[in-house]
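These numbers come from the heavy atoms of this one structure, side chains and all, not from hydrogens, waters or symmetry mates.
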Amino acid sequence: MTKAVKQVKGIQNMLRLRVMEILEEQGHSKYWLCKQIGYSYDNLNRIVENKTKQIRFETLENLCKILNCSVGELFEEDED
């Protein structure tokens, strides 16, 4: 393993998705979002709980449309 790869593995995520917070603000549930976006509950839950390492642009666009928010509102800096 190269030195660069070792350094990247040690880096914590700098951004986190705020989907749960937005859902709560709007009075919706993960189940509601699951039905709106058409993903399985398990896949959506991984996204919402920030347990994914990548997310497709299409998914971000769909979340923004359904939640009526901007991409910037979906993310916040993770201070941990």
Side-chain angles (χ1 to χ4, degrees):
M1 191 177 306
T2 68
K3 183 178 179 181
V5 172
K6 287 179 185 176
Q7 288 175 342
V8 170
K9 284 188 174 188
I11 294 175
Q12 296 292 325
N13 293 336
M14 293 176 57
L15 297 174
R16 63 178 288 286
L17 284 168
R18 297 184 55 251
V19 175
M20 271 314 296
E21 290 91 338
I22 295 169
L23 285 172
E24 289 171 5
E25 290 167 6
Q26 296 181 0
H28 297 302
S29 66
K30 283 191 280 189
Y31 179 76
W32 174 86
L33 182 56
C34 182
K35 291 298 183 186
Q36 298 297 311
I37 203 166
Y39 294 172
S40 73
Y41 185 84
D42 287 339
N43 286 340
L44 181 67
N45 194 51
R46 279 193 286 280
I47 293 168
V48 170
E49 299 293 330
N50 289 286
K51 294 183 179 176
T52 61
K53 294 185 188 239
Q54 60 188 12
I55 187 166
R56 294 176 15 195
F57 285 120
E58 180 183 5
T59 301
L60 291 175
E61 290 173 350
N62 289 337
L63 286 169
C64 288
K65 287 177 190 172
I66 293 166
L67 297 173
N68 193 30
C69 67
S70 69
V71 173
E73 292 171 308
L74 280 179
F75 290 97
E76 73 179 359
E77 228 176 307
D78 192 0
E79 298 180 15
D80 289 338

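If you chain together hydrophobic residues whose side chains sit under 4.5 Å apart, Tyr39 and Tyr31 never meet in one group. Under the 4.5 Å side-chain heavy-atom criterion for Ile, Leu, Val, Met, Phe, Trp and Tyr, Met20 and Tyr41 are members of distinct hydrophobic clusters. In the hydrophobic clustering of this structure, Ile22 groups with Ile55; members are Ile, Leu, Val, Met, Phe, Trp, Tyr whose side-chain heavy atoms approach within less than 4.5 Å, directly or through other members.
Rounding to the nearest 0.5 Å places CD of Glu77 at 7.0 Å from CG of Leu15. Put simply, CG on Leu67 and NE2 on His28 are 7.5 Å apart, with the number rounded to the nearest 0.5 Å. Put simply, CZ on Arg18 and CD on Glu24 are 10.0 Å apart, with the number rounded to the nearest 0.5 Å. Between the CG atom in Asn43 and the OG1 atom in Thr52 there is a gap of 10.0 Å [rounded to 0.5 Å]. The CG atom of Leu23 sits 9.0 Å away from the CG atom of Leu63 when rounded to the nearest 0.5 Å. Considering CG of Leu60 and CG of Leu17, their distance stands at 7.0 Å, rounded to 0.5 Å.
For the pair Ser70 and Cys64, the tightest heavy-atom approach, listed with the atom from each and the gap, is C-SG, 3.6 Å.
By the 4.5 Å heavy-atom criterion applied to side chains, Val71 and Phe57 are not counted as neighbours.
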